[in-house]
Every structure is written in C-alpha cells, then in structure tokens.
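Accompanying notes for the structure given below.
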Amino acid sequence: MQEQEVTSTMGRNALHQDILKRWQKKQKLTLSEDLKDILTLRFDGEVKFNEPLSKHTYIKIGGPADAYLKPRTIEALKFALELAGEHNVPYTILGKGANTLVKDGGVRGFVICLYDALSDYEVLEQTDDHIDLRVSAGMPWKKVMQIARDLGAADFAPLNGIPGSVGGLVAMNAGTPVAEIKDFVRSAQFLTKEGEVLELGRERLKFEYRDLKMPRTQFVLSVVFRLTQIKTPEEVEQEMKPYQEKRVNTQPLEYPNLGSVFKNPQPTHEKEVVATAGQLIEEAGLKNVRVGGARISPKHGNFIINEDNAKAKDVLTLINLAKDKIKNTTGIVLETEIKVIGEDPES
Ligand SMILES: Cc1cc2nc3c(=O)[nH]c(=O)nc-3n(C[C@H](O)[C@H](O)[C@H](O)COP(=O)(O)OP(=O)(O)OC[C@H]3O[C@@H](n4cnc5c(N)ncnc54)[C@H](O)[C@@H]3O)c2cc1C
C-alpha cells in the first residue's frame, strides 16, 4: 500500500515536471507582453501576432508566427533587429514565401517579411548599350520584369514567371537552365544582424546553384542589376512570352505549390547527362501519389501541390517518400531546393 502511494506520488511529480518544462519552454520562446506593446506602439510597419503563415506562403501552408513584421523603412527593419537582439528573440526572413515550407507548429520569434514592403527602384545609369538598375529587396519580381520591359531590356526574359521578391531570388540564386539571377547582378547591399549596411560587388558574392552563401540572419536590402540586351519594349514583351507559356503548359499553376521541391542532380563533368529530379520522380512511379491534402503533381514530378487543405507534414511525408525511393532504386540522394522552417506542433 505504502509502496503504491510512493509510486503514484513519483508519477505526479514527473507529470508536474513535464508541465513545468513545457511552460518554461513556452515562456522563454513566446514574446513578452512588454515586447508586444513596444512593437505595437513603435514599429513603423505592419505587426501581427500569432499570424498564420499559411496566409503568406505561396503553397498556403504553415502554422503561426509569434510576430509577423513588415517594415515600412530600413530604419524600421533595423529597429526590429535591435529589439530581437535586446530581447533574445530569434528572427526569420521571408520574401513571398514561394520556395518556403513552414511547418505546422509555426515559427517562434519574429518573421520579418520584406515582400512588397521595401520595394522601390532607381535607374542609376542608362547608355546605348547598358542600364544599371537598383531595386529594393522587397519588390515583387513580376514588377521588376515590367520595369525592365518598359526600359527596353530583354535580359530577364528567361526568368519570366518566377514568383518571389528580389531578395528571395538573389538569396536563392533563382533561375532556369537558360539563365540565373547571378548573371545580372553587379552588386548587392546587405544588412547584418548588428545593423551594419554592407555593399558587396559581384566578385565578392558567393553564388552557387540555387543558393547564395551568406549568413541566414543577414538581409539582402537591394541589388544593382546590369542589363545589356537593349531592344524595344515590344520586342522584350515578345521574348518574355514563350517562357511564361512554357510554365503554364508544364507546371501545375492552378494549385498552390512550392515550385521545384528538389534541386536537380548536377553532372560531375561537362559531358555527363543526368536526369532531372522531376524525371527521377516520374521514373520511380511517384507522380500523382497523395498524402493527406498534398499530392505529387501529375503534371510535373518535381512539384508538390496543396490540393485540399494540406499540412506541412503531408508535404514532408511525400518529400521523404521520394528521397527514400530514389535513393533505394538509383543510389541518387536528392537534396531539397525548398527551405523548411518552423517547428512541429506540440503533441
Ligand atoms: C510556381 C513556381 C515556379 C517557380 N519557378 C522557379 C524557377 O523557375 N526557378 C527558380 O529558381 N525558382 C523557382 N521557384 C521558386 C521561387 O520562386 C524562388 O526560389 C524565389 O526566388 C523565391 O523568392 P521568395 O521571395 O518567395 O523567397 P522565400 O520563399 O520567401 O524565401 C526563400 C529564401 O530566401 C530567403 N530570403 C528571402 N528574402 C530575403 C532577403 N531579403 N534577404 C535575405 N534572404 C532572403 C529566405 O530567408 C529563404 O531562405 C518557383 C516557385 C513557384 C511557386
């Protein structure tokens, strides 16, 4: 009898310890009321607490951000970084969310989104054979395409139809087999987590296939592009068209999606011919496979679509299924192109 009581007391203690630990974890990671007040009263821009990130990602998936911030100015962005430093709060950078999967438990701390926030531009130089164009990081890529067209520069045509912000395209070195964003970058301006502004020339930018090597806490603030294919706006429009048409014909644009989920395996030497991630997925018989509300697109093997209120866990299950099957059948290890952020929900 006595022994039983001791055991149940220990059980209760363990339960209390567990509850206490979870509470402490929550206290540490969620924002204090003081910090929320400061943000509400003094942050120059949009502030939303407990904001579902499914509203801010292209695939319409993702749990809440403790605070979702859209700064109106660079000063406001610096202020957010200062607060994050002082209050020991983590922060995550988001553009349009076109290549980002947010887990169902959401993101702790600040999610700072520049998309359509810092979005101005300036023609720095225009001659008969080139145009230097500075664009802020939050500008939607679609608008940059229109500005370039109106200026009569055809350089960006192969990148027509890529959704995202300038900052996101540069951070991802977005592109196609025909061209990548790095081909046009002359310099880029960054904001460090200490609030320092750095301007780096292209020779100092470490672009790789679908990546720019830089600290993940650092913001791209603006980019200078050099455009050299000078034509008339009508000619540029004609050059842009087929690229968008190809997307409509080959990508499942009628559903929320993430773009290419996996990077294409790269050849180890010039003459090697390697299958694309989409081809590997198709050959593995995985097109059209559905988990929960997510499906591997029947139109394009490297796209996962949100067909019916999908959760991040559905998408991640499909990703792991494809990785495992392709590794087991071909030995190729697929690497994700998308960025996965946030945490799983507490069970
Ligand atoms: C239908 C569709 C088609 C696509 N086609 C292509 C394609 O042809 N080629 C291609 O390369 N991609 C493609 N993508 C993927 C996506 O469009 C690109 O990766 C784009 O660059 C993402 O920009 P974003 O602003 O949405 O970035 P997000 O998804 O918001 O962020 C991506 C990464 O960039 C970082 N980031 C964003 N902004 C900044 C900033 N200002 N400073 C520092 N880091 C930042 C984020 O922290 C994150 O790590 C496609 C996506 C979709 C949905």
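In this chain, numbering begins with 1 at the start of the sequence shown. Atoms within a ligand are numbered from 1 in the order they appear, just like the ligands themselves.
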For [atom], find the nearest protein heavy atom and state the residue, atom name and distance (0.1 Å precision).
atom: atom 25 (O) of ligand 1; value: Ser165 OG, 2.7 Å
atom: atom 37 (C) of ligand 1; value: Gly168 CA, 3.6 Å
atom: atom 24 (P) of ligand 1; value: Lys96 N, 3.5 Å
atom: atom 12 (N) of ligand 1; value: Glu337 OE2, 3.9 Å
atom: atom 46 (C) of ligand 1; value: Ile93 O, 3.4 Å
atom: atom 13 (C) of ligand 1; value: Ile162 CG2, 3.9 Å
atom: atom 36 (N) of ligand 1; value: Ala171 CB, 3.9 Å

Closest approach of [X] and [Y], non-hydrogen atoms and distance?
X: Gly259; Y: Phe303; result: CA-CE2, 3.6 Å
X: Leu53; Y: Val107; result: CD1-CG2, 3.7 Å
X: Leu118; Y: Ile74; result: CD2-N, 4.0 Å
X: Phe156; Y: Ala148; result: CD1-CB, 3.7 Å

For ligand 1 and [X], I'd like to know whether there is a polar contact (N/O to N/O, distance under 3.5 Å).
X: Tyr58; value: no
X: Ala98; value: yes
X: Leu114; value: no
X: Thr100; value: yes
X: Thr176; value: no
X: Val220; value: yes

Do Tyr68 and Phe49 make the cut of ring centroids closer than 6.0 angstrom? no
Any side-chain heavy atom of [X] within less than 4.5 Å of one from [Y]?
X: Glu282; Y: Gln279; result: no
X: Lys70; Y: Asp116; result: yes
X: Val197; Y: Leu221; result: yes
X: Thr276; Y: Pro265; result: no
X: Pro71; Y: Ile112; result: yes

Any donor-acceptor N or O pair under 3.5 Å, side chains Asp129, Thr127: yes
Would you check if there is a donor-acceptor pair between the side chains of Glu199 and Ser187 at a distance under 3.5 Å? yes
In ligand 1, which numbered atoms sit nearer than 4.0 Å to a non-hydrogen atom of [X]?
X: Leu94; answer: 30 (O)
X: Gln218; answer: 43 (C)
X: Gly164; answer: 23 (O), 24 (P), 25 (O), 26 (O)
X: Arg210; answer: 11 (O)
X: Leu253; answer: 1 (C)

Hey, is [X] touching ligand 1 through its side chain, its backbone, both or neither, going by heavy atoms under 4.0 Å?
X: Leu258; answer: backbone
X: Lys339; answer: side chain
X: Met214; answer: side chain
X: Asn99; answer: both

Close approach, Tyr115 and ligand 1, non-hydrogen under 4.0 angstrom: no
Just to be sure I'm reading this right: ignoring hydrogens, which of [options] gets closest to [atom]? Compare them by their nearest heavy atoms.
atom: atom 1 (C) of ligand 1; options: Asn160, Asn173, Asn257; answer: Asn257
atom: atom 5 (N) of ligand 1; options: Arg216, Arg247, Met172; answer: Arg247
atom: atom 16 (C) of ligand 1; options: Gly259, Pro163, Ala174; answer: Pro163
atom: atom 11 (O) of ligand 1; options: Ser260, Gly175, Gly167; answer: Gly175

Give a yes or no on whether the backbone of Pro233 and the side-chain of Arg149 come within a donor-acceptor separation of less than 3.5 Å. no
Do His300 side-chain atoms and Asn302 backbone N/O form a donor-acceptor pair below 3.5 Å? yes
In Ile147, Val223, Leu124, the residue satisfying side-chain contact (heavy atoms from CB on, under 4.5 Å) with Leu133 is Ile147
Run the numbers on Phe219 and Phe190 for ring-ring contact (aromatic ring centres under 6.0 Å, His included), then give the verdict. CA-CA 5 Å; Phe219 284 78; Phe190 298 89; over 10 Å; no
